Q: 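Take this structure first; my questions come after.
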Amino acid sequence: MSTTIVTLPDQSTARIPKMNYLSKENGLLSWLLTGDHKRIAILYLISISFFFFIGGALAGLIRLELLTPQSDLMATDTYNKIFSMHGIIMIFFFLVPSVPATLGNFLIPMMLGAKDLALPKVNLLSWYLYIAAGILALYAMITGGVDTGWTFTTPLSTHYVNTNVITTGMAIFIAGFSSIFTGLNFIVTIHKMRAPGMTWFRMPLFVWAHYATSILMVLGTPVLAIALVLVVLERTVGIGVFDPAKGGDPLLFQHLFWFYSHPAVYIMILPGMGVISEVISTFSRKRVFGYTAVAFSSVAIAVFGFFVWAHHMFIMGISNYSVLIFSLLTMLVAVPSAIKIFNWAFTLYKGSITFETPMLYAFGFMGLFTIGGMTGIFLGTSGVDIHLTETYFIVAHFHFVMVGGMLMAFLAGVHFWWPKMTGRMYPEKISQLAALVTFIGFNLTFFPQFILGTLGMPRRYASYPPEFQVLNVFSTAGATILGIGYLLPVLYLTWSLKYGEIAGNNPWQATGLEWQTQSPPLTENFVELPIMDHEAYDYEWLERQKEKEVASVG
Amino acid sequence: MSDSPVLTQDALEAAHHAHPPYQRHHFETMDQQNDATNFAMWLFLLTEIMFFGGLFTAYLILRNWYYPAFVAASHQLNVYWGSLNTLVLISSSFTMAMGVWCAETRRKSGLVLCLTLTFLLGLVFLGIKTIEYSEKIEKHHVPGFHYSLQSFLNPASDPAAAQYGDKPLALDMARKTELYFFLYFAMTGMHALHMIIGIAILGFMIFRARAGAYTTGHVTFVENFGLYWHFVDIIWIFLFPLLYLISRHQ
Amino acid sequence: MSEQAHHDEHEHHIVSPKVYVVIFLALLALTSLTVGASFIEMGIFNPIIALGIAVIKAVLVVLFFMHVKYSTKLTKLTVGAGVFTFFILIGMTLADYFTRAWGRW
Amino acid sequence: MSDISPVLWQFLVKWLTNFALFPPEASRIAPQMDALYFFIVLVSLVGLTIVILLVTSFSILYSKKRHPVAVQIEGSTLLEATWTIIPLGLFLVMFVWGALIYFRVYTPPANAMNIYVVGKQWMWKAEHPGGQHEINALHVPINRPIQLTLISQDVFHSFSIPAFRVKREAIPGRYTSVWFEATTPGTYHLFCTQYCGTEHSHMIGEVVAMSPDDYKKWLASSTSGSSLAQNGERLFASLSCNACHNTRPDARGPSLANVYGSKLRLSTGQTITADDAYIREAILSPSQHITQGYAPIMPTYQGQISEDGVIALVEYIKNLNSDYRVQQTTTTTDLLPESEGKAAPAGQTSAGKGMVNQ
Ligand code: HEA
Ligand code: HEA
Ligand code: CUA
Ligand SMILES: [Cu+2]
């Protein structure tokens, strides 16, 4: 697999542009008070990576404990705290802000031809909220942790545990508002800040995906917020809305929680889908097959995503009529995802394909997300869900979509836009190796869990019957490989900041507006207001553009 | 969607020449900036709708389950205070709307007057709310804090309940009144919190308005605040019948 | 999604105070109406009327005080989206609670 | 740590020799559920294969080396429709099939034998009608529908028997139920699958499916002397329920004979079927549903009776129904201990005969 697209500038003369958003101002304060969406994106990138590795270290502890059937490494309550904090950190402090707050923040204004997001101060505020929430969560973790699981099921979380539920709840509440402000900012920007000529159907699919995501963020997150407020009140004053002893209904909490948390899983996948559209189009040098279908399927996922939340409660005592409705709607929401997968596959058809690292991650995404998504169908099928729910099948399902799907997409995106963000290339060979390692490690870790789940091994178990051990050992071994696969990019990307080759404006010969300006970009993104005069993914336009340049220079 | 900011060349030109001081650098025109902030305010209100949505859901479910308890408990609210407060809040919404109009038509003293009236009406609302709350506190109707079932087990002893001729509730149903009061405090408290934030911002705005900040043609801030204030009004418009009125006759 | 610039929509519509006064009076009237209606025994219609009046009042506030009547389609759509999702939350949750009583399961 | 690898080796060998992809099919429903499961597996495999085939073959055919210049293609409505409609169709088939199984699992047949299960942090307590109770274990006869009526004393738990493919949440404050019919004698895992706090992973046990004869023996050997209904009867007397629910003409409460399963008219005008859940609620929050013609005077027993006690009362009231008894005896007497058959109300509470109410 050789790199073929990259036409790096002549390395002997190439230099990073003197004026860029990184060099504009110096000093810590210039970062902490910045309104520049690109700098905020970098701040986010650093902070979410930090949280990812904390979550990852916790995952390592989970896997170590599960190496043997007994709970010998740690006591059961420690184990419970570890997987709870793993879930909470990974979801609220890593995956929800992962692509939107970093890549989305960095790229949406550039892709639209705007100078910044519509509300730069709100953008900075949302980062501060995120940091405040993160510190609070870490504080809760250090001073005793929380052992409710990431789902905070009542009445367990309200009356039966004495860990830091309130602190963690408040942390998630604040993180929620950070996410709301990000989403709100994106919607306003996409509506109001498009450059002349940038019509809705000329926007990159990445922007469409973020538009859909933002709708979910703005409309879903407040419901989580109120649910958490009620939990905190229940713990502090004992209000009783979720307390069966006082006449409340614990299931009401789950309704409110999943009303957010199901849409949240689409918050966690749609931006990744946006990345995949960009990557696949660029490396097959073709317009995305069925652009409108892909764009609308994002919106469809967002809208339908609001109607299916009770599929997390199939056996929890909701009415069976609800089960029917929610199972049916779950089937409907799965279709747009299938549409996307096939559209990406057909984008390759008659393309001119190269296999750089982002493309490898994208291929990984397609395979793993298909498996993850199809196992979602198992769970949406009410009858089968009875057997599979609350087992490792679910753990495998959501790690396939979240780690195999979104995390792969995130890595694809980080590699893809790394030259734009830093002006330097990552080392290609070793990064391809890392992609391969992650893929192998991932499958070894999580595929056995499907079998474990079908065999009946329950999730959130610190100890398990000995006959499940072999598959668990596979899983732990896989996690080790996976850990290495994730550590590698950190090392070589950091290395490349200093030693990477100079990338030039458009190393991938991609068509997005963000590639038509220098790397790293200016603080204002563009020297002059760009005018969008072509469709998205118009590679012929790019060819003509290059010819023009050659003609005018030569 | 008809909001596409496709700008004509003239508009761009014009924008470049006349950059008002309050135009932020990343906007091309003032219109774009105003539209954007206005739209952002609306989106923020959407999140508020959903936030209160959770409480409304809880209210509807529990009311449906424990109907007699909710009826008896709602008799503890004073419909006159409630109606008065509704009038106060509607008036404040009106003065706020007039304030926006004054700002738009650059009437400085009118704006200051309207904002001040809104401010005062907001305070009156909170004052009345405080009276109501203290009644509840006296009667031990605050859930979680020595909650007392007296008024429901023995309504004859309680003028508020006796006035409706309430029959005593069975003990288990009487206990459910605590849920009503919790929702009452949660909903009106959350609403009051929004009022307090609004009043604080109003104070700041009055201060700025007197310096003439909003009567030079840049009125987005006043308008957006108006949206917020009216939204808080709308929440009350629903809380009032749900909490005070719908069991009045029983 | 039309692509032409809507200059008229960018131009600011200033609602005249007369409208505000009319709406204000209407709101006052509706408030007294709803308070009055609550004292009359109408069975199931009590809550329906109370909420109906509340909806009318809210619509008046949204349309006139909040200028939605004079705003862009986008604003109208935004309001619609909020109300819609609000009803999804309430409607589908309540539907679960009501249908629980329908059968043993 | 050093002895881990030989152990592991043993496991590996053992695991490979009886490698399983799914647990034993030990209940009537299991093969049906597995059929659907494998149907979905098959569809997923086909779908996955198609995706992989498309991606790899295009990658090979249209790699830059072979195909230097991309041909721009806009899309194709026909293809778009194909991959919308085919998956949709397949998903709908799964939905319908799945719903059928779901209803089968949660709709117990009328002649099912009822066992009560109470979950609490962190153990399961099963109560058989004959008064036998067991902790973290469940003995059931094969070839006989068993209905479990579940409740939790504290948090959500979930009663899961993978080999039977059934699972049901035990909820605080509400009965839920599930049924199964074991087909193969054996000992199977019983898990609590809903996360319920510190010892969640230790809330496990065994389900022993046994032949009817063995089951009978087991029942006899583990009887506690009095049946569940008898316990209930004792409670009924000691809580002086019979002060109001009695056969005297001036009784303040309705007669409870035949109440179970009957349609009751409430003071609100609705009718409601008196099932387990209704009776439980009638005891703990009586004013929730007032029977027509009675004053809401019944006191609440919330906080005074444990869930076990409530279950005994429910079971007792259930058996105050002679029709029920008749129907039940036709199918169950041979399995129930002698005493159960005679658990008719005695003494002060001899309701029943001729007091057909409502
Ligand atoms: C990124 C996150 C993410 C995503 C995208 C999804 C996607 C989906 N999820 Fe998942 N889910 C989670 C994260 C996610 N999920 C999490 C975290 C949980 C557990 C929460 C907890 O309890 O802790 C969960 C749990 C969960 C449950 C609850 C299980 C239970 O508790 O009992 C259900 C049930 O319906 C479900 C269903 C689905 C479905 C139908 C999809 C669909 O959207 C998938 C659609 C995709 C496809 C269908 C694949 C593409 C299809 C093809 C390529 C077509 C194949 C070809 C043919 C059919 C011919 N998920
Ligand atoms: C974005 C979401 C996300 C991500 C990325 C991951 C990543 C991983 N997860 Fe997690 N997981 C969840 C979300 C996620 N998870 C959620 C929501 C739950 C449910 C929680 C609940 O039940 O409440 C869960 C639960 C969960 C369980 C089930 C626990 C249980 O039910 O008992 C397991 C078990 O194997 C697991 C494993 C892993 C592994 C091996 C990874 C690997 O992919 C991680 C690989 C990364 C690394 C290994 C880090 C590399 C770094 C280093 C090697 C540095 C190490 C440093 C030190 C040790 C100091 N996760
Ligand atoms: Cu009980 Cu888990
Ligand atoms: Cu879901």
Side-chain angles (χ1 to χ4, degrees), chain B residues 1-8 11 29 31-32 34-35 38-39 42-43 45-50 52-54 56-57 60-61 64-65 79 82-83 86-87 90-91 93-94 96-98 100-101 104-105 219 223 226-227 229-231 233-234 237-238 240-242 244-250, chain C residues 1-7 9-12 14-17 19-21 23-24 27-28 31-32 34-35 37-43 46-47 49-51 53-55 57-58 61-62 64-68 71-75 77-79 81-83 85-87 89-90 93-94 97-98:
Chain B
M1 273 165 240
S2 51
D3 57 290
S4 118
V6 182
L7 304 165
T8 59
T29 65
D31 271 350
Q32 192 188 21
N34 293 344
D35 274 8
N38 178 268
F39 185 37
W42 273 108
L43 289 173
L45 295 184
L46 286 203
T47 69
E48 294 275 23
I49 295 182
M50 297 312 292
F52 279 97
F56 279 111
T57 315
L60 290 175
I61 289 166
N64 184 52
W65 277 4
V79 77
S83 311
T86 311
L87 296 184
I90 288 178
S91 309
S93 238
F94 172 67
M96 189 63 227
M98 289 306 295
V100 172
W101 177 76
E104 281 165 347
T105 52
V219 295
E223 283 177 338
L227 291 180
W229 193 258
H230 298 310
F231 174 82
D233 186 24
I234 289 177
I237 285 180
F238 283 99
F240 175 54
L242 283 179
Y244 290 79
L245 291 185
I246 52 185
S247 314
R248 198 67 359 221
H249 55 281
Q250 277 159 330
Chain C
M1 287 165 208
S2 79
E3 288 308 335
Q4 74 209 93
H6 280 253
H7 276 279
E9 283 177 346
H10 283 281
E11 243 160 58
H12 212 81
I14 297 179
V15 185
S16 98
V19 177
Y20 289 146
V21 172
I23 298 301
F24 178 51
L27 289 173
L28 292 183
T31 305
S32 6
T34 188
V35 173
S38 74
F39 283 95
I40 305 165
E41 168 65 66
M42 288 180 285
N46 275 94
I49 287 184
L51 284 177
I53 293 179
V55 169
K57 283 161 76 181
V61 173
V62 169
F64 297 97
F65 281 2
M66 296 171 92
H67 304 172
V68 167
S71 302
T72 54
K73 278 203 201 97
L74 176 65
T75 313
L77 199 76
T78 312
V79 177
V83 174
T85 328
F86 178 81
F87 279 115
L89 169 63
I90 292 196
T93 310
L94 284 187
Y97 284 82
F98 288 126

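Proteins come first, then strands; the chains are lettered A, B, ... in the order of their sequence lines, and each starts at number 1. Everything numeric here is computed off the predicted structure, so don't read it as measured data.
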Q: For a quick test of reading the model, state the closest non-hydrogen atom pair linking B/I246 to C/A50 and the distance between them.
A: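 Nearest pair, atom of B/I246 first, then C/A50: CG2-CB, 3.5 Å.
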
Q: With a 4.5 Å limit on heavy-atom distance, are the side chains of C/I14 and B/V100 in contact?
A: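 They are not in contact (no side-chain heavy atoms under 4.5 Å apart), so the answer is no.
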
Q: Quick check: are there more than 12 heavy atoms from other residues, nucleotides or ligands sitting under 6.0 Å from CZ of C/F87?
A: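 Count not over threshold, so no.
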
Q: Would a line drawn from the ring center of C/F65 to the ring center of B/W229 be shorter than 6.0 Å?
A: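 Ring centroids of C/F65 and B/W229 are no less than 6.0 Å from each other.
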
Q: Decide yes or no for B/T57 and C/I90: does some side-chain heavy atom of the first lie under 4.5 Å from some side-chain heavy atom of the second?
A: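 SC-SC contact between B/T57 and C/I90 confirmed.
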
Q: As an exercise, state the distance from OG of B/S93 to OH of C/Y20, rounded to the nearest 0.5 Å.
A: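 Interatomic distance, B/S93 OG to C/Y20 OH, rounded to 0.5 Å: 10.5 Å.
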
Q: Contact between C/F39 and B/V79 at the side-chain level, heavy atoms closer than 4.5 Å - yes or no?
A: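 Heavy-atom side-chain distance check passes, below 4.5 Å.
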
Q: Kindly compute the distance separating CE (B/M50) from OG1 (C/T85), expressed to the nearest 0.5 Å.
A: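 Here the rounded value is 5.5 Å.
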
Q: Identify the heavy atoms of C/V15 and B/E104 that sit nearest to each other, and give their distance.
A: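 Residues C/V15 and B/E104, closest heavy atoms: N-OE1, 4.5 Å.
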
Q: Starting at OG1 of C/T72, measure out to CZ of B/F39 and round the result to the nearest 0.5 Å.
A: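 With rounding to 0.5 Å, OG1 (C/T72) is 8.0 Å from CZ (B/F39).
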
Q: Could you give me the CA-CA distance, side-chain angles and deciding distance for B/L242 and C/L51, then say whether side-chain contact (heavy atoms from CB on, under 4.5 Å) is met?
A: CA-CA 8 Å; B/L242 283 179; C/L51 284 177; 3.9 Å; yes

Q: Within the 4.5 Å heavy-atom criterion, are C/L74 and B/W42 side-chain neighbours or not?
A: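 Heavy-atom side-chain distance check fails, nothing below 4.5 Å.
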
Q: Quick check: closest heavy atoms across C/P17 and B/M98, and the distance to 0.1 Å?
A: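 Result for this residue pair: CB-CE, 3.6 Å.
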
Q: Tell me, with the steps shown, if C/F86 and B/L46 meet side-chain contact (heavy atoms from CB on, under 4.5 Å).
A: CA-CA 9 Å; C/F86 178 81; B/L46 286 203; over 6 Å; no

Q: Counting heavy-atom pairs closer than 4.5 Å to chain B, which one of C/I49, C/V55, C/I23, C/L28 comes out on top?
A: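 Maximum pair count with chain B is reached by C/V55.
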
Q: Apply the test side-chain contact (heavy atoms from CB on, under 4.5 Å) to residues B/F240 and C/V35: give CA-CA distance (whole Å), side-chain angles for both, the deciding distance (0.1 Å), then the verdict.
A: CA-CA 10 Å; B/F240 175 54; C/V35 173; 3.7 Å; yes

Q: Would B/F94 and C/V21 count as a side-chain contact (heavy atoms from CB on, under 4.5 Å) if you check the C-alpha gap in whole Å, the side-chain angles of each, and the deciding distance to 0.1 Å?
A: CA-CA 8 Å; B/F94 172 67; C/V21 172; 3.8 Å; yes

Q: Could you tell me the separation between the OG1 atom of C/T75 and the CG atom of B/N38, rounded to the nearest 0.5 Å?
A: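 The distance works out to 6.0 Å.
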
Q: Distance check, rounded to the nearest 0.5 Å: B/L245 atom CG versus C/I53 atom CD1?
A: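 It is 9.0 Å, given to the nearest 0.5 Å.
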
